[in-house]
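Reviewing the structure listed below.
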Amino acid sequence: QVQLVEFGGGSVQAGGSLRLSCGASGYPSSRYCMAWFRQAPGQEREGVAAVDSDGTARRIDSMRARFTISKDNSKNTLYLQMIRLKPEDTAMYYCAAVLRQSCGSDWDRADEYTYWGQGTQVTVSS
């Protein structure tokens with residue numbers, strides 16, 4: 001059974017940093033496209049970044065300079081390093097996975113993913 005568990009959320013002041021982790025079990029992460037999404041209250045779930053099975057990263061252009069996605073297949077763990085956080089980054093952050101090598105051009109569509117974690121809350125205060 002595939003399970004994804006996120007860690008690392010919390011409350012920070014604007015300009016601060018956080019690193020989110022997503023531990024995967026039940027499958028080898030090396031075979032999966034994995035991604036981070038976020039959802040603020042009253043908003044749709046939004047793709048933040050994704051990484052292909054070979055480590056190729058895909059990110060939303062507006063977040064490219066501040067968010068970095070990476071994956072350690074030896075630990076079956078996905079990461080999201082976030083710097084210079086802004087209040088508008090406040091949201092629940094979710095890890096997602098789908099069994100395919102390339103995340104493809106639709107990587108930021110939530111319906112492309114099969115497996116989801118329970119989410120970790122990130123709150124950025126001004």
Give me each pair satisfying side-chain hydrogen bond (donor to acceptor under 3.5 Å, both in side chains) with a member in residues 50-60, each pair once, sequence neighbours excluded.
D52-R58, D54-T56, R58-S102

Taking side-chain contact (heavy atoms from CB on, under 4.5 Å) as the definition, give me every residue that meets it alongside A57, ordered by chain and number, with sequence neighbours left out.
I69

Could you pull out all donor-acceptor pairs under 3.5 Å where a side-chain atom in residues 15-26 meets a protein atom, sequence neighbours excluded?
none

About how many Å separate OH of Y94 and CH2 of W36, when rounded to the nearest 0.5 Å?
12.0 Å

Any donor-acceptor pair under 3.5 Å from E6 side chain to Q118 backbone
yes

Should we count CD of E44 as having more than 12 external heavy atoms under 6.0 Å?
no

Identify, with sequence neighbours excluded, every residue that meets ring pair (Phe, Tyr, Trp, His ring centres under 6.0 Å) alongside Y32.
Y27

Applying ring pair (Phe, Tyr, Trp, His ring centres under 6.0 Å), can you list everything that pairs with F67, at least two apart in sequence or on another chain?
none

Going by disulfide bond (SG atoms under 2.5 Å apart), name the pairs with one or both residues in residues 27-63, residues two or more places apart or in two chains.
C33-C103

Just jot down the salt bridge (Lys or Arg N to Asp or Glu O under 4.0 Å) partners of R66, sequence neighbours excluded, or say none.
D89

Pairs touching residues 97-126 that satisfy ring-ring contact (aromatic ring centres under 6.0 Å, His included), sequence neighbours left out
F37-Y113, F37-W116

Rounded distance [0.5 Å steps], CG in L80 versus NZ in K71:
14.5 Å

Can you name the side-chain contact (heavy atoms from CB on, under 4.5 Å) partners of T123, sequence neighbours left out?
S11, T90, Q121

Atom pair CZ/CZ of R38 and R45 - distance to nearest 0.5 Å:
13.0 Å

The salt bridge (Lys or Arg N to Asp or Glu O under 4.0 Å) partners of R109 (sequence neighbours excluded) come to D111

Given a cutoff of under 4.5 Å between side-chain heavy atoms of I, L, V, M, F, W and Y, with clusters grown through shared members, what are the other residues clustered with F7?
V5

If a pair satisfies salt bridge (charged side-chain N to carboxylate O under 4.0 Å, His left out) and one of its residues is in residues 97-108, list it, with sequence neighbours excluded.
R100-E112

